Amino acid sequence: MTFKTATMDDFDIAFDYIEKLWTYNTYDRDAIHDVYAEVLSDDNSFAFFLVDDDGVAHGFCHGAYFNTFRLSGMTCYLSSLIVNDGERGQGYGTLLMDHARDLAKARGCKGIVLDSGMPRTEAHAFYEHYGFEKSGYGFDYYLEA
């Protein structure tokens with residue numbers, strides 16, 4: 001297994017993961033394409049796939065670095081971490097998380113934070129098993145265009 005930095009050529013694969021991660025959302029493919037392009041060009045963001053020797057993806061991860069008062073410094077926010085359905089429990093999530101942790105350490109981050117949708121109870125168990133602690137609730141406030 002290797003980690004492949006996401007490129008624009010990988011957009012279809014990434015979009016498939018994004019749709020599977022938040023199944024309760026509806027996505028505008030063109031808007032996500034624009035966001036994906038911005039993520040890839042932002043030095044404060046990362047996106048990568050876990051791939052096997054044949055180039056088949058088994059998971060996807062996206063995150064961003066920014067300063068927070070809460071951690072008194074650089075923080076890594078994981079906005080997406082997903083393993084293929086049917087391949088969960090085989091260590092792929094741990095590999096993705098380990099790589100994200102290594103990237104965060106190399107960037108000088110003091111910690112990693114994430115939020116997770118309420119229905120994703122299996123993911124919550126994974127995060128806790130990995131060592132994350134519950135620290136709050138996530139809230140969304142949508143602005144009209």
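Everything numeric in this text was worked out from a predicted model, so none of it was measured.
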Problem - Partner residues of D16 under the salt bridge (Lys or Arg N to Asp or Glu O under 4.0 Å) criterion, sequence neighbours left out - result: K20
Fill in the blank from the handout: The salt bridge (Lys or Arg N to Asp or Glu O under 4.0 Å) partners of E128 (sequence neighbours excluded) come to K134
Atom of [X], atom of [Y] and distance for their closest heavy-atom approach:
X	Y	answer
Q90	G86	NE2-O, 3.5 Å
V83	L96	CG2-CD1, 3.9 Å
L40	A47	CD2-CB, 4.1 Å
L78	A100	CD2-CB, 3.9 Å

Please answer: with hydrophobic residues joined when any side-chain heavy atoms are less than 4.5 Å apart, are [X] and [Y] in the same cluster?
X	Y	result
L95	F46	yes
L81	Y17	no
F66	L114	no
F48	F15	no
M97	F60	no

Which donor-acceptor pairs under 3.5 Å do the side chains of residues 67-75 make with protein atoms, sequence neighbours left out?
unit_1: N67; atom_1: OD1; unit_2: M74; atom_2: N; d: 3.1
unit_1: T68; atom_1: OG1; unit_2: L71; atom_2: N; d: 3.2
unit_1: T68; atom_1: OG1; unit_2: T75; atom_2: OG1; d: 2.7
unit_1: R70; atom_1: NH2; unit_2: S135; atom_2: OG; d: 3.2
unit_1: T75; atom_1: OG1; unit_2: G73; atom_2: O; d: 3.2

Tell me every residue that passes side-chain hydrogen bond (donor to acceptor under 3.5 Å, both in side chains) with [X], counting only those two or more places apart in sequence or in another chain.
X	result
Y65	none
S45	D42
S79	H62
Y137	none

In a table with atom names and distances, give each donor-acceptor pair under 3.5 Å that connects a side chain of residues 119-127 to protein atoms at least two apart or in another chain.
unit_1: H124; atom_1: NE2; unit_2: S116; atom_2: OG; d: 3.0
unit_1: H124; atom_1: NE2; unit_2: G117; atom_2: O; d: 2.9
unit_1: H124; atom_1: NE2; unit_2: R120; atom_2: O; d: 3.3

Handout entry: Distance (rounded to the nearest 0.5 Å) between T2 OG1 and D52 CG
Key = 8.0 Å
Problem - Under 3.5 Å donor-acceptor, D28 side chain and A31 backbone - result: yes
Handout entry: Backbone N/O of V56 and side chain of D54: donor-acceptor pair under 3.5 Å
Key = no
Handout entry: ring-ring contact (aromatic ring centres under 6.0 Å, His included): pairs with one or both residues in residues 77-97, sequence neighbours excluded
Key = H58-Y92
Could you tabulate the donor-acceptor pairs under 3.5 Å formed by side-chain atoms of residues 4-14, not counting sequence neighbours?
unit_1: K4; atom_1: NZ; unit_2: D10; atom_2: OD1; d: 3.2
unit_1: K4; atom_1: NZ; unit_2: D10; atom_2: OD2; d: 2.6
unit_1: T7; atom_1: OG1; unit_2: D9; atom_2: N; d: 3.3
unit_1: T7; atom_1: OG1; unit_2: D10; atom_2: OD2; d: 3.0
unit_1: D10; atom_1: OD2; unit_2: T7; atom_2: N; d: 2.9
unit_1: D12; atom_1: OD1; unit_2: R29; atom_2: NH2; d: 2.2

Under 3.5 Å donor-acceptor pairs involving side-chain atoms of residues 101-108, not counting sequence neighbours:
unit_1: R101; atom_1: NH1; unit_2: D98; atom_2: OD1; d: 3.3
unit_1: R101; atom_1: NH1; unit_2: Y130; atom_2: OH; d: 3.1
unit_1: R107; atom_1: NH1; unit_2: D43; atom_2: O; d: 2.9
unit_1: R107; atom_1: NH2; unit_2: N44; atom_2: OD1; d: 2.4

Problem - ILVMFWY cluster membership beyond V35 - transitive side-chain contacts under 4.5 angstrom - result: V39
